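These notes concern the structure reproduced below.
Quantities reported herein were computed from a predicted structural model and do not represent experimental measurements.
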Protein chains: 2
Amino acid sequence: MNNYTRILREHNLKATPQRLAMANVLHVDGHISIESLYAVMIEKFTSISLATIYKNINLMVENSFIQEVKIPHAKSVYELTKDTHSHIVCEKCGKVNDVSLDLSTIIDNATKQSNFKIDKTDLVLSGVCKGCQ
Amino acid sequence: MNNYTRILREHNLKATPQRLAMANVLHVDGHISIESLYAVMIEKFTSISLATIYKNINLMVENSFIQEVKIPHAKSVYELTKDTHSHIVCEKCGKVNDVSLDLSTIIDNATKQSNFKIDKTDLVLSGVCKGCQ
DNA sequence: CACTAAAGGACAATAATTATCCTTTTAGTT
DNA sequence: AACTAAAAGGATAATTATTGTCCTTTAGTG
Ligand SMILES: [Mn+2]
Ligand SMILES: [Mn+2]
Ligand SMILES: [Zn+2]
Ligand SMILES: [Zn+2]
């Protein structure tokens with residue numbers, strides 16, 4: 001039993017071929033939009049329904065197996081949940097990369113300033129990647 | 001000629017009553033979703049079309065007169081463009097507040113790590129506000 | 001292998017956003 | 001103030017994105 005099968009089962013989700021393939025695409029591509037995911041999936045499952053993609057994406061998000069990343073002026077992408085990290089997106093080519101940044105000082109300041117109890121950060125940096133400069 | 005009239009004209013946008021009212025709502029409410037904005041606007045302009053709201057929102061965004069703020073697990077809100085700042089949203093009541101945070105160190109680190117030329121940050125902190133704790 | 005709940009697929013329904021087309025208004029210009 | 005051209009508004013159709021329904025198939029369990 002592979003890794004994704006186990007994780008899906010832990011959330012009482014059946015490990016269907018479609019779901020395992022989705023997990024694999026997410027693993028390989030890293031950050032992918034719904035429409036790109038569908039385009040890749042339909043290669044392997046010629047009759048997969050877009051509804052299946054949506055239903056599974058939503059289930060996986062609810063179970064924190066994957067996460068949505070909202071990108072300025074672009075469609076959301078999805079990724080397998082991993083340790084907290086930030087994102088950097090290229091305004092030219094749209095590439096989305098991970099960046100590991102320590103936001104603890106920022107969170108401390110924001111806590112003082114707002115009196116919120118903060119438990120999550122979503123940081124997306126925008127700019128131009130090496131290749132596009 | 002009031003302030004918003006002038007700003008709209010600078011962008012070659014006609015200062016219609018609808019647009020001035022929208023700007024005013026954004027000024028008063030701070031961060032507002034399309035549907036809330038429409039709900040407020042229709043009080044003043046009983047026959048305003050939702051298409052007018054969308055068309056104006058899009059025009060104003062294109063002209064950087066306003067900005068979209070994407071919120072995790074919720075609909076986007078819009079605000080008048082002002083100095084760069086971050087946002088903090090309450091997961092209980094949905095309230096969105098501004099926070100002024102110095103991200104320069106973060107940007108430096110991210111630049112080193114990614115080799116991107118960074119020109120914009122979108123940071124949304126999530127948590128629980130004072131009133132909801 | 002048999003059984004049952006869950007999931008997939010086709011497609012209808014809904015929600016969100018944009019486009020079209022005609023009328024009205026704005027921002028000048030006489 | 002009346003005149004005009006371009007822009008914007010409103011009604012509504014069209015498109016796009018997402019969700020729901022319903023029936024068939026499959027995964028997981030014994
Ligand atoms: Mn990531
Ligand atoms: Mn703000
Ligand atoms: Zn690039
Ligand atoms: Zn709250």
Nearest to the side chain of B:Ala51, which nucleotide is it out of D:dG9, D:dA11, C:dA16?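 Per side-chain heavy atoms of B:Ala51, the pick is D:dA11.
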
Shortest side-chain distance from A:Gln18, nucleotide among C:dG9, D:dG10, C:dA16: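 Output: C:dG9.
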
[X] [atom1] to [N] [atom2], straight-line distance once rounded to whole Å:
X       : N      : atom1 : atom2 : result
B:Leu37 : C:dA16 : CG    : C1'   : 15 Å
B:Ile48 : C:dT24 : CD1   : C1'   : 14 Å
B:Asn63 : D:dA7  : CG    : C1'   : 14 Å
B:Met22 : D:dG10 : CE    : P     : 11 Å
B:Lys44 : D:dG10 : NZ    : C1'   : 19 Å
A:Leu20 : C:dA7  : CG    : C1'   : 13 Å
A:Asn56 : D:dA27 : CG    : C1'   : 14 Å
A:Arg6  : D:dG28 : CZ    : P     : 14 Å

Is there a donor in the side chain of [X] and an acceptor in the side chain of [Y], or the other way round, less than 3.5 Å apart?
X       : Y       : answer
B:Glu79 : B:His85 : yes
B:Asn97 : B:His87 : no
B:Ser36 : B:Ser33 : yes

Is there a side-chain polar atom (N or O) of B:Tyr54 under 4.0 Å from OP1 or OP2 of C:dT17?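 So the side-chain polar atoms of B:Tyr54 do come within 4.0 Å of the phosphate oxygens OP1 or OP2 of C:dT17, strictly under.
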
Select base, sugar-phosphate, or nothing to describe what B:Ile34 touches, counting heavy atoms under 4.0 Å on all strands.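 No contact.
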
In terms of side-chain geometry, is the basic nitrogen of A:Asp98 or A:Lys82 positioned less than 4.0 Å from the acidic oxygen of its partner?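 Yes.
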
Should the side chain of A:Lys55 and the base of C:dG9 be counted as holding a donor-acceptor pair, with the cut-off at 3.5 Å?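 Answer yes: a donor N or O sits under 3.5 Å from an acceptor.
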
By ring pair (Phe, Tyr, Trp, His ring centres under 6.0 Å) - contacts of B:His11 (at least two apart):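 Ring pair (Phe, Tyr, Trp, His ring centres under 6.0 Å) check on B:His11 returns nothing, list empty.
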
Starting at the 5' end of DNA chain D, which residue's closest nucleotide do you reach first, B:Leu50 or B:Asn12?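 Nearest-nucleotide comparison on DNA chain D picks B:Asn12.
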
Name the residue closer to the 5' end of DNA chain D, choosing between A:Asn58 and B:Leu59 according to the nucleotide with the nearest heavy atom. B:Leu59

Quick check for you: to the nearest 0.5 Å, what is the distance between B:Lys44 atom NZ and B:Asn24 atom CG? 7.5 Å

Minimum side-chain heavy-atom gap A:Val96-A:Val89 below 4.5 Å: yes

Between the protein and nucleotides 25-30 of chain C, list every N/O to N/O distance that falls short of 3.5 Å.
| residue | atom | partner | partner atom | Å |
| --- | --- | --- | --- | --- |
| C:dT26 | O2 | B:Lys14 | NZ | 2.9 |
| C:dA27 | OP1 | B:Arg9 | NE | 3.0 |
| C:dA27 | OP1 | B:Arg9 | NH2 | 3.1 |
| C:dA27 | OP1 | B:Ala15 | N | 2.9 |
| C:dA27 | OP2 | B:Arg9 | NH2 | 3.2 |

